[in-house]
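Some notes on the structure that comes next.
First listed ligand is number 1; within each ligand, the first listed atom is number 1.
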Amino acid sequence: MEILVISFLLTSICICDLEAQNDEQLHPDYFLNITELIEKYGYPVEIHEVTTEDEYMLTLFRIPHGRQESGVNSKPIFLMHGLFGQAENYVVAGMFNASLAYLLADNGFDVWLGNTRGNMHGRKHKRLDPDTKSFWNFSWHEIGIYDLPASIDYVLERTRTPKLYYIGHSQGGTAFYIMNSLKPNYQQKIILASLLAPAGYFNNFDNPLLNPIVKFLKNMFPVLINTMYEFPPKSMGLTTFFANVCEENIFRDFCLRMYNVFVGYDSGGINKVLLPLLLKNLPTVCSKQIFHYGQAIISGHFRPWDYGKQKNLEVYGRDVPPDYPIKSIKVPIAIYYTLGDNLVYPKDIEKISEDLPNCVRRYLIKKPTFTHIDFITDGAELLNIPVLEFLKNFNG
Ligand SMILES: *[C@@H]1O[C@H](CO)[C@@H](O)[C@H](O)[C@H]1NC(C)=O
Ligand SMILES: *[C@@H]1O[C@H](CO)[C@@H](O)[C@H](O)[C@H]1NC(C)=O
Ligand SMILES: *[C@@H]1O[C@H](CO)[C@@H](O)[C@H](O)[C@H]1NC(C)=O
């Protein structure tokens with residue numbers, strides 16, 4: 001059973017590939033931390049810390065200007081990563097237009113890279129010890145109502161501006177929807193949101209591997225979040241974890257299939273050079289984040305955590321949690337999505353873009369085999385340039 005749970009939770013893949021690489025083949029960036037990485041490419045970097053209302057402490061990284069400038073660029077933009085991600089996601093692809101953070105910094109934006117609670121830059125709390133269960137009791141709901149508002153307020157205060165631009169990948173889109181639905185005064189603080197494969201609706205989720213696992217596990221979510229609250233346990237680390245699981249003969253096939261699921265079936269493969277960098281920067285997450293997506297897949301509703309009827313009555317005053325009021329979000333939103341996504345399906349993106357009252361752009365990536373992970377590793381001309389051009393020309 002545990003193994004099946006673990007299987008469901010496997011979100012990244014081919015340790016087989018990682019193992020095949022020896023040190024000489026590893027990208028030199030592999031050995032750098034995020035600040036060293038940003039400096040290596042010729043950009044300035046600042047480290048900031050923000051404390052949320054519920055006292056999680058999150059690090060923000062700032063690239064205040066591009067390679068050729070000095071001072072501080074005039075347009076603040078806040079970038080939020082996805083599940084199993086962190087600030088590194090936006091710089092890991094390296095030079096020029098390959099990394100969205102650098103491209104934006106070179107084009108007049110004051111770039112702020114956010115981190116969610118629980119990742120390597122958010123594993124701190126004023127009172128709670130991250131090595132204990134009490135720290136690990138959150139989902140993307142809390143990221144939406146606490147982490148984003150605190151980070152955005154911090155950036156606005158530091159830059160002395162009333163509004164900023166927002167970018168969010170995957171769960172960074174989920175949390176954005178939630179913040180704007182439940183804390184509507186934040187809508188006035190956003191000029192334009194560019195959401196990259198944002199996860200919201202899951203009515204058309206059709207992942208051939210994850211779908212059956214989610215259905216199989218559905219009655220166990222509450223037990224699982226109580227027993228395996230941090231996933232995978234920190235002592236193991238995600239990379240070691242995958243290496244161990246995938247080394248077992250019985251899981252070889254499974255691991256290969258996972259690889260296909262995430263890479264896409266005919267995409268010509270993941271970016272093998274960057275994969276080790278990505279894996280190195282995979283943090284642990286709270287398992288509730290994963291099971292909350294599981295609940296969305298089962299119920300077809302985008303809504304807060306479902307505790308079961310009894311406790312729902314206590315918490316929400318009704319049998320089931322109320323849906324997030326997506327239709328109340330008036331912020332201009334540009335959505336970027338792809339046919340090759342095996343986690344956030346195009347039909348679900350199309351549906352939510354129709355429900356959002358101010359979806360100003362729905363951009364389909366011009367390569368059908370572009371995958372969910374390619375948003376991080378292979379953006380360049382396919383994603384980053386279209387995002388930048390639209391930002392530059394947008395008159396809110
Ligand atoms: C990266 O490492 C350098 C030392 O090599 C250190 O000064 C810096 O604070 C580190 N950055 C982070 C984000 O930990
Ligand atoms: C993106 O960068 C590559 C080099 O890394 C360059 O060849 C290409 O022209 C750039 N594209 C744009 C639109 O700037
Ligand atoms: C986790 O938080 C919820 C509220 O968000 C609370 O009802 C629940 O009791 C907490 N669980 C634990 C184990 O602290």
Are side-chain N/O atoms of Y56 and T116 paired as donor and acceptor at under 3.5 Å? no

Ring of Y146, cation from R117 - is the NZ or CZ under 6.0 Å from the centre and inside 45° of the axis? no

Can you confirm whether some protein heavy atom lies under 4.0 Å from atom 2 (O) of ligand 1, or whether none does? yes

Nearest candidate to atom 11 (N) of ligand 1, where distance is taken over non-hydrogen atoms, out of T59, V45, T35: T35

Note: Y307, heavy atoms under 4.0 Å from ligand 3, region reported as side chain

Pairs of nitrogen or oxygen atoms closer than 3.5 Å, one from H121 and one from ligand 1: do any exist? no

Are K133 and E230 close enough for a salt bridge, meaning some N to O gap below 4.0 Å? no

Nearest protein heavy atom to atom 5 (O) of ligand 1, by residue and atom, and its distance? E36 OE2, 2.8 Å

of all protein heavy atoms, closest to atom 6 (C) of ligand 1 is N33 ND2, 4.2 Å

Should the pair K126-E55 be classified as a salt bridge under the 4.0 Å nitrogen-to-oxygen rule? no

Students often mix this up, so state it plainly: with edges at 30° and 60°, are the rings of Y102 and Y43 parallel, tilted or perpendicular? parallel

Under the 6.0 Å and 45° cation-pi test, does K367 pair with F370? no

For F138, is the nearest heavy atom under 4.0 Å from an atom of ligand 3? no

Min over N226, N137, V315 of heavy-atom distance to atom 14 (O) of ligand 3 lands on N137

Geometric cation-pi criterion, K75 with F109: 6.0 Å, 45°: yes

Counting only heavy atoms closer than 4.0 Å, does ligand 3 sit against the backbone of K311, its side chain, both, or neither? side chain

